[in-house]
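None of these values were measured; they are calculated from a predicted model. Sequence lines set the chain letters: A, B, ... in the order given, protein chains first and strands last, and positions in each chain run from 1.
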There are 2 protein chains.
Amino acid sequence: MKRYEQTTLKQIAADLKLSVSTVSRVLAGKGDRYRISAQTADRVKAEAKRTGFVPNQIASALRLKRTHTIGLIIPDISNPFFAAVARQIEMEAARRGYFIILCDSRDSTGAEVEYLKLLQSRSVDGLIISPVGRIGAHLRGLRGNGVPVVLIDRYFPDLEAPYVTSDNYGGAYEAVTHLIEYGHTQIACVRGIAGSSTADDRLAGYRAALGAAGIDYDPQMVAGDDFSESSGYAAAQVLLKSKSVKPSAIFSQGNLITFGVLRVLDEKNLAVPVDISLVSFDDHYYASFLATPLTTVAQDKESIGRDAVKLLFRQLDQGVDKITEGIHVPTFLIKRKSVAYC
Amino acid sequence: MKRYEQTTLKQIAADLKLSVSTVSRVLAGKGDRYRISAQTADRVKAEAKRTGFVPNQIASALRLKRTHTIGLIIPDISNPFFAAVARQIEMEAARRGYFIILCDSRDSTGAEVEYLKLLQSRSVDGLIISPVGRIGAHLRGLRGNGVPVVLIDRYFPDLEAPYVTSDNYGGAYEAVTHLIEYGHTQIACVRGIAGSSTADDRLAGYRAALGAAGIDYDPQMVAGDDFSESSGYAAAQVLLKSKSVKPSAIFSQGNLITFGVLRVLDEKNLAVPVDISLVSFDDHYYASFLATPLTTVAQDKESIGRDAVKLLFRQLDQGVDKITEGIHVPTFLIKRKSVAYC
DNA sequence: TTGTAAGCGTTATCAG
DNA sequence: CTGATAACGCTTACAA
């Protein structure tokens, strides 16, 4: 806050005819260690309370080179998945006396790179990021400089940085296998943004499940550009309009995508699951109340957030290069009513 | 970031045998104003680029008493309403070169007060807050100190602080009137947290609509403790179990509440709208895909976020006491299929 | 056109 | 037990 007439150590010291160091030590809780007399300590505390002293963390940060701030860059805070993860991260950070600077990259690589630079000039102590593009290089530089970084949701195979993500491969495998068990062989996949580990791993899981069942993989069965509603909408349209392909089931890679798919289904008067079966990544309250309660692959957002913070602080404690671990948090398939026998 | 060997003005100055002030002036883009020769300016810029100089905003903030940071305190970032507002706020702030420190108060007054103190010690330049409790006193103190504050979603009638909120009264009035037009007279209201302007105004709108139609207000028709799903669930249960009251329609004050209500309806095998009609505050993608597409009161979250930032910066420019304006952003009723004739 | 020096508020080191 | 002093990195009068 604009600290108009904020009390400072110096003022308290002057008022009490003590030195700033003494006041600092008392107020920093180091009175005992420096054997400040109980008397002076009390006087100082009283004066601090009287004047409403609030320590200036900016000054402290400058001196200590520790801001107690961590930067959080995510593609879209209004996506329920990221909102839930962000919430968990904020809580875990707060518990440890850290603040979160929230940066919404709007799925733009440019914005992301810009944020990275700005956060650096804000001297954040660490960074949790769900990267949009392949900014491995940038991050490598940061890590090389000793800045702790944790990737969430998406990671780079070629960047030896710690990350936390769902077991996207396993989740997709389970979802598609579920579909196959219900007799489906013509299964479409509406994918997220190509090149992201999230979309790639889910696609790999999809292919593996198909393969395990002896079903040929057909690239025509895959569509979609990113994780947005509009991409889901467009993809579902081409999938359902196609002459060469006739899906009896759809595997959607994300919650927003699913809305797009549902919109197309709605427009075409296709009912779930009688006309077409549907499984979606990401779970939410609403999934059970949809026209057809949705079968979903739920992600453990709390664990993702918690583990991300844990990995970040471990780097802070033990050094950046000691931690390169990647965590794949298990998903779980919630069976509702959007899958029927083919 | 932990700026291990970060370049500083001093280093560049030493390398170039110039003074820090010169380097500072060039790199702050004030070369012209101080008539630094193009020559030296170029040398400085080149060296800055070569060494990857990033200005230390912490030092700058200490010197200038401006952190370019604004604190955002909200009750729950995973509530889609707040997530959307937060996103807008972040974007507007970023446009102006400001960062957002995100604080999730978990609807706890204690946490909120704590955050307030911490943000103060972080010297944020301003504060946007959706208050949980009646912390008017705290905020008054801040404003008295010249700290810009904007309230969102909820406001205090007794605090002359600027705020931005939906026209909750009007939105509720319209929703309930809509119900009445469909012949309902036994309309229950599942409310949010008592004492919040949001819940109070929506209740007032509800009562006014009833009154305008000559329907008596029955306190038994009102239940609910806060804006959570569990509160909605509990409230709907008492409402539907009650002997003294038989609602044919429900007006839910929030999106999470609505999930609770739906859960009860589901358990009791009550269908919307044939057995009971339902209107809910807050709109979302999912509302149109629910078993019964939901009639909702949509809030203009973008405007709320945008206006909040606008009011904040106006205070920054013109002084805190100049701005005390309250903005009520219009809502709009989206009619879908959850309301039927009684 | 450039340099000097003071100061933002804190903390750490050294001294007593 | 307490104090003086330097330093963190930057900005800005004031000088030259």
Side-chain angles (χ1 to χ4, degrees), chain A residues 1-44 48 51-68 120-125, chain B residues 1-44 47-48 51-69 120-125:
Chain A
M1 333 244 169
K2 210 179 247 162
R3 348 177 97 257
Y4 273 52
E5 302 298 310
Q6 271 296 0
T7 320
T8 66
L9 292 181
K10 197 202 252 181
Q11 280 168 41
I12 298 186
D15 289 357
L16 262 36
K17 300 197 189 308
L18 288 169
S19 73
V20 266
S21 2
T22 303
V23 178
S24 168
R25 298 197 255 246
V26 172
L27 263 17
K30 297 181 178 167
D32 298 357
R33 193 132 68 69
Y34 282 91
R35 325 225 221 140
I36 308 276
S37 74
Q39 243 199 94
T40 25
D42 288 345
R43 284 176 62 216
V44 169
T51 56
F53 171 78
V54 177
N56 183 330
Q57 295 289 95
I58 300 297
S60 172
L62 179 60
R63 177 67 234 246
L64 263 24
K65 290 168 179 289
R66 268 235 168 183
T67 54
H68 289 269
Q120 187 177 0
S121 85
R122 298 305 288 270
S123 311
V124 296
D125 291 337
Chain B
M1 335 244 165
K2 207 177 252 164
R3 345 176 98 259
Y4 273 53
E5 303 300 310
Q6 271 295 357
T7 320
T8 66
L9 292 183
K10 198 201 250 181
Q11 282 168 38
I12 298 187
D15 289 357
L16 262 37
K17 299 198 189 310
L18 288 169
S19 73
V20 266
S21 18
T22 302
V23 179
S24 169
R25 298 198 255 247
V26 172
L27 262 17
K30 297 181 178 167
D32 298 355
R33 192 132 70 68
Y34 283 90
R35 326 224 220 143
I36 308 275
S37 74
Q39 241 201 96
T40 27
D42 288 346
R43 283 177 62 219
V44 169
E47 181 68 2
T51 56
F53 171 78
V54 177
N56 183 331
Q57 293 291 95
I58 299 297
S60 170
L62 179 60
R63 175 69 233 250
L64 263 24
K65 290 168 179 288
R66 268 236 168 180
T67 55
H68 290 268
T69 306
Q120 187 176 359
S121 85
R122 299 304 290 268
S123 311
V124 295
D125 290 338

Tell me: [atom1] of [X] to [atom2] of [N], nearest whole Å?
X        : N      : atom1 : atom2 : answer
B:Gln57  : C:dC8  : CD    : C1'   : 15 Å
B:Gln6   : D:dC10 : CD    : P     : 9 Å
A:Arg66  : C:dG9  : CZ    : P     : 24 Å
A:Arg35  : D:dG3  : CZ    : P     : 16 Å
B:Ile58  : C:dT11 : CD1   : C1'   : 16 Å
B:Arg122 : C:dC8  : CZ    : C1'   : 17 Å
B:Leu64  : C:dC8  : CG    : C1'   : 10 Å
A:Asp42  : D:dT2  : CG    : P     : 11 Å

Taking only the side-chain nitrogens and oxygens of [X], find out if one of them lies under 4.0 Å from OP1 or OP2 of [N].
X       : N     : value
A:Ser37 : D:dT2 : yes
B:Lys10 : D:dA7 : no
B:Thr8  : D:dC8 : no

Given [options], the nucleotide with the shortest approach to the side chain of [X]:
X       : options              : value
A:Ser60 : C:dT1, D:dG9, C:dT11 : C:dT11
A:Arg63 : C:dG9, C:dT1, D:dC1  : C:dG9
B:Lys65 : D:dA7, C:dC8, D:dC10 : C:dC8

Restricting to side chain to side chain contact (heavy atoms under 4.5 Å, CB included), what partner residues turn up for A:Ser37, sequence neighbours left out?
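Result, side chain to side chain contact (heavy atoms under 4.5 Å, CB included) vs A:Ser37: A:Gln39, A:Thr40.
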Under a 3.5 Å distance rule, please check whether A:Thr7 uses its side chain to pair with a backbone N or O of A:Thr51 as donor and acceptor.
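Yes.
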If we ignore hydrogens and angles and just use 3.5 Å, is the side chain of A:Arg122 paired with the main-chain N or O of B:Thr67 as donor and acceptor?
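Yes; at least one donor-acceptor contact below 3.5 Å.
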Give the intermediate values and the outcome of side chain to side chain contact (heavy atoms under 4.5 Å, CB included) for residues B:Glu47 and B:Val23.
CA-CA 10 Å; B:Glu47 181 68 2; B:Val23 179; over 6 Å; no
Going by side chain to side chain contact (heavy atoms under 4.5 Å, CB included), B:Val26 matches just one of B:Val44, B:Asp32, B:Ile12. Which one?
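Single pass found, and it is B:Val44.
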Contact class for A:Leu62 (heavy atom, under 4.0 Å): base, sugar-phosphate, or nothing?
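If one applies the 4.0 Å heavy-atom cut-off, A:Leu62 turns out to touch a base.
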So which of residues 14-25 of chain A are in contact with DNA chain C, with a heavy-atom cut-off of under 4.0 Å?
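Only A:Ser21, A:Ser24, A:Arg25 qualify.
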If you look at every heavy atom in B:Pro55 and A:Ser121, which pair is closest and at what distance?
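That closest heavy-atom pairing would be O-CB, 3.1 Å.
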Where do B:Ser19 and B:Ala13 come nearest, in terms of heavy atoms and distance?
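Heavy atoms only, the tightest pair is C-CB, 3.8 Å.
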Do B:Leu9 and B:Phe53 make a side-chain contact, defined as non-hydrogen atoms from C-beta onward lying under 4.5 Å apart?
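Yes - at least one pair of side-chain heavy atoms lies under 4.5 Å apart.
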Any heavy-atom pair between the side chains of B:Ile36 and B:Thr22 that's under 4.5 Å?
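Of all side-chain heavy-atom pairs linking B:Ile36 with B:Thr22, at least one is under 4.5 Å.
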More than 12 heavy atoms from other groups under 6.0 Å of CG on A:Asp42
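Yes, because the 6.0 Å sphere around CG of A:Asp42 holds more than 12 heavy atoms from other groups.
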Nucleic acid contacts - residues 27-34 of chain A versus DNA chain D, non-hydrogen atoms under 4.0 Å
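The answer is A:Tyr34.
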